[in-house]
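Inspection log for the structure reproduced underneath, given as structure tokens.
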2 protein chains.
Amino acid sequence: MHRDFRKKARIVLIDDNYEHLMGVKELLNLEGCYDVVQTSTSVNTGVNMVKKYQPDIVLVDMNMPDKNGLQAIHEIQRLGVNTKVLALSAYDDADLIFRAMKVGARGYVLKTMASAQLICAIEEVISGKIYLPSALSLRFFEYFQKSVKEEENSTDEELLSSLTQREEEVLDLLTQGFGYNEVSSKLYISNTTVKTHVNNIFQKLQVKDRTQAVLYAIRHGFDKKRKAKFVSI
Amino acid sequence: MHRDFRKKARIVLIDDNYEHLMGVKELLNLEGCYDVVQTSTSVNTGVNMVKKYQPDIVLVDMNMPDKNGLQAIHEIQRLGVNTKVLALSAYDDADLIFRAMKVGARGYVLKTMASAQLICAIEEVISGKIYLPSALSLRFFEYFQKSVKEEENSTDEELLSSLTQREEEVLDLLTQGFGYNEVSSKLYISNTTVKTHVNNIFQKLQVKDRTQAVLYAIRHGFDKKRKAKFVSI
DNA sequence: TTAAATATAGACCGAATGGACTAGATAGGG
DNA sequence: CCCTATCTAGTCCATTCGGTCTATATTTAA
């Protein structure tokens with residue numbers, strides 16, 4: 001799983017802080033086994049360089065003002081090149097780590113970390129692994145798991161579970177975009193019966209029209225049973 | 001960040017395979033610094049034991065027939081105890097890893113891995129870290145990132161991006177559950193203008209009523225700009 | 001500068017929706 | 001056996017919604 005050290009790994013750096021950019025470049029050059037083919041202090045030109053040179057890895061600073069690093073990573077991913085992305089950041093912000101990994105970063109290191117750790121991260125990522133220092137890994141997963149809890153908490157089971165079985169069926173069909181007539185024919189009941197059920201649903205969910213009921217259902221996870229892809233447990 | 005080795009770490013094991021259960025128990029006892037307080041071959045009693053003994057860590061087998069390990073982990077999380085969960089599995093299935101970590105596992109190890117790695121995982125997890133072997137970490141993040149791509153692909157940007165700015169505003173308000181009158185007063189335009197916009201939206205999204213338009217918008221990620229919590233990039 | 005796109009608004013009409021009732025049938029729990 | 005919950009279905013009426021037009025002012029692009 002180790003890369004071929006006879007070839008230098010080709011690297012592009014994107015960092016709007018010129019001092020830091022040069023510092024990292026110098027560090028990598030001293031190491032001897034890296035070829036920093038290009039550097040850029042702007043996202044746009046940086047992304048273009050990645051497209052042109054298709055390096056093994058690109059280091060992207062996350063703390064840029066305008067089009068932030070997230071956008072850069074996202075665009076690089078969409079190039080369809082085989083370049084791995086390593087995110088560099090001054091902050092160990094859980095949300096930023098989460099989003100960076102989500103858009104395709106293969107690793108995330110803090111600027112405050114020792115240079116040896118940066119080298120280590122680069123090597124791991126180039127050789128196809130994920131590199132997240134354990135502190136950041138912890139942040140990531142806490143955030144990841146918290147999101148599930150929030151989903152659950154917002155699932156106001158009180159109201160939704162107060163629906164009768166038939167009402168659930170009706171709401172389920174409404175959630176698929178059917179109107180009253182369609183619902184009635186699908187359930188083989190009369191149009192007015194559907195209306196009765198729907199009105200009961202409105203009462204129970206405390207909403208005032210069909211669209212709001214559907215929104216309520218979706219936002220409170222009512223339709224997850226059907227979806228059941230990876231959203232639920 | 002290291003635990004106090006003067007005290008033995010208290011452990012509960014949940015695994016329906018009695019052979020493996022005993023094997024792990026023996027292994028941990030030989031190690032000397034662990035106290036396997038309880039073992040269980042069923043989820044229900046296992047969860048109860050965790051509730052009762054509140055160990056430092058619980059090892060949960062993921063490959064159980066009935067109520068699977070995911071359910072067990074989920075229930076343990078909901079106990080509100082401070083027990084860390086380490087998932088054990090025979091398979092490195094990306095979906096399973098993803099879901100286990102999502103419901104609260106702090107680590108995931110394969111049964112095929114060396115016992116030293118299991119010990120390592122236990123120590124890391126007890127001391128508050130996340131333990132994912134790099135191969136599994138890779139699987140996890142590939143799955144994690146793929147989910148984003150799927151979201152994007154399903155974002156039929158063709159249709160949604162064909163909406164004018166005003167139409168987007170209107171759709172956004174509809175997505176919040178407002179009716180035409182409410183939309184018109186919020187945008188300071190007449191009721192009929194809203195209707196015109198809405199009809200154009202219907203044409204463009206190829207839907208036939210308000211609820212379907214809202215569903216379309218939500219399912220295709222239209223409302224993520226507003227949410228912008230952690231869902232979007 | 002013309003043409004196209006956009007935002008505005010109106011009329012008219014039919015269909016769908018929502019509110020407020022009543023009411024019969026059926027099933028289940030106490 | 002009675003009471004309650006649920007599912008069913010109806011009426012009446014008002015409101016909203018959706019479809020199809022036309023039309024004007026403004027902006028944008030060619």
Side-chain angles (χ1 to χ4, degrees), chain A residues 155-220 222-223 225-226, chain B residues 155-220 222-223 225-226:
Chain A
T155 304
D156 244 308
E157 296 174 46
E158 327 279 313
L159 299 184
L160 276 174
S161 69
S162 71
L163 297 182
T164 69
Q165 195 179 337
R166 204 54 161 169
E167 286 161 357
E168 280 194 14
E169 291 179 70
V170 171
L171 182 53
D172 184 63
L173 289 171
L174 294 184
T175 306
Q176 292 174 56
F178 297 112
Y180 294 176
N181 292 325
E182 291 165 306
V183 171
S184 69
S185 67
K186 278 180 191 295
L187 294 182
Y188 300 106
I189 55 181
S190 100
N191 186 293
T192 62
T193 304
V194 174
K195 283 176 56 178
T196 306
H197 287 313
V198 170
N199 274 305
N200 291 332
I201 292 170
F202 290 166
Q203 298 288 318
K204 291 183 179 179
L205 301 189
Q206 297 176 43
V207 296
K208 51 187 278 301
D209 63 36
R210 194 168 114 240
T211 305
Q212 286 185 3
V214 167
L215 281 169
Y216 186 99
I218 289 180
R219 302 235 194 265
H220 294 74
F222 180 76
D223 61 337
K225 298 163 197 164
R226 225 183 321 102
Chain B
T155 304
D156 246 308
E157 296 177 46
E158 327 281 314
L159 299 185
L160 276 175
S161 69
S162 71
L163 297 183
T164 68
Q165 195 179 337
R166 203 53 162 172
E167 286 161 358
E168 281 193 14
E169 291 179 69
V170 171
L171 182 54
D172 184 63
L173 290 171
L174 294 184
T175 306
Q176 292 174 57
F178 297 112
Y180 294 177
N181 292 325
E182 291 164 307
V183 171
S184 69
S185 66
K186 277 180 192 296
L187 294 182
Y188 300 106
I189 55 181
S190 100
N191 185 294
T192 61
T193 303
V194 174
K195 284 176 55 179
T196 305
H197 287 312
V198 170
N199 273 305
N200 291 332
I201 292 171
F202 291 166
Q203 298 288 320
K204 291 183 179 178
L205 301 189
Q206 297 176 42
V207 296
K208 51 188 278 302
D209 63 36
R210 195 168 114 240
T211 305
Q212 287 184 3
V214 167
L215 281 169
Y216 186 99
I218 289 180
R219 302 236 194 264
H220 294 75
F222 180 76
D223 62 335
K225 299 163 198 165
R226 219 183 327 101

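What you see below is based on every heavy atom in this structure, not just the backbone, and it leaves out hydrogens, waters and symmetry mates. Below, read A as the first sequence line, B as the second, and so on, with proteins coming before strands; counting in each chain starts at 1.
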Indicate yes or no: at least one non-hydrogen side-chain atom of B:Leu205 is less than 4.5 angstrom from one of B:Leu171.
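B:Leu205 reaches B:Leu171 side chain to side chain.
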
Note, B:Arg166 side chain near B:Leu187 side chain (heavy atom, < 4.5 Å)
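B:Arg166 reaches B:Leu187 side chain to side chain.
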
Would you say [X] reaches [N]'s phosphate, i.e. side-chain N/O to OP1/OP2 under 4.0 Å?
X: A:Arg166; N: D:dC7; result: no
X: B:Ser190; N: C:dG10; result: yes
X: B:Asn199; N: D:dT20; result: no
X: A:Thr193; N: D:dG10; result: no
X: B:Asn191; N: C:dA9; result: no
X: B:Thr192; N: C:dG10; result: yes

Rounding to an integer number of Å, can you tell me how far [X] [atom1] sits from [N] [atom2]?
X: A:Asn181; N: D:dC17; atom1: CG; atom2: P; value: 17 Å
X: A:Gln165; N: C:dT26; atom1: CD; atom2: P; value: 19 Å
X: A:Asn200; N: D:dC7; atom1: CG; atom2: P; value: 9 Å
X: B:Asp209; N: C:dT17; atom1: CG; atom2: C1'; value: 11 Å
X: B:Phe178; N: D:dT15; atom1: CZ; atom2: P; value: 22 Å
X: A:Tyr188; N: D:dT8; atom1: OH; atom2: P; value: 14 Å
X: B:Arg210; N: C:dT17; atom1: CZ; atom2: C1'; value: 9 Å
X: A:Lys195; N: C:dT17; atom1: NZ; atom2: P; value: 9 Å

Given that B:Thr196 and B:Lys208 both sit by DNA chain D, which one's nearest nucleotide is further toward the 5' end?
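Checking each residue's closest nucleotide, the 5'-ward one belongs to B:Lys208.
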
Among A:Val194, A:Val198, A:Asn200, whose side-chain contact (heavy atoms from CB on, under 4.5 Å) with A:Thr196 holds?
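For A:Thr196, the side-chain contact (heavy atoms from CB on, under 4.5 Å) check succeeds only for A:Asn200.
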
Which residue in the set A:Glu167, A:Glu168, A:Arg210 passes side-chain contact (heavy atoms from CB on, under 4.5 Å) when paired with A:Ile201?
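In the set A:Glu167, A:Glu168, A:Arg210, the residue that makes a side-chain contact (heavy atoms from CB on, under 4.5 Å) with A:Ile201 is A:Glu167.
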
Do side-chain atoms of B:Glu182 reach the backbone of B:Phe178 as a donor and acceptor pair under 3.5 angstrom?
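No; zero donor-acceptor contacts below 3.5 Å.
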
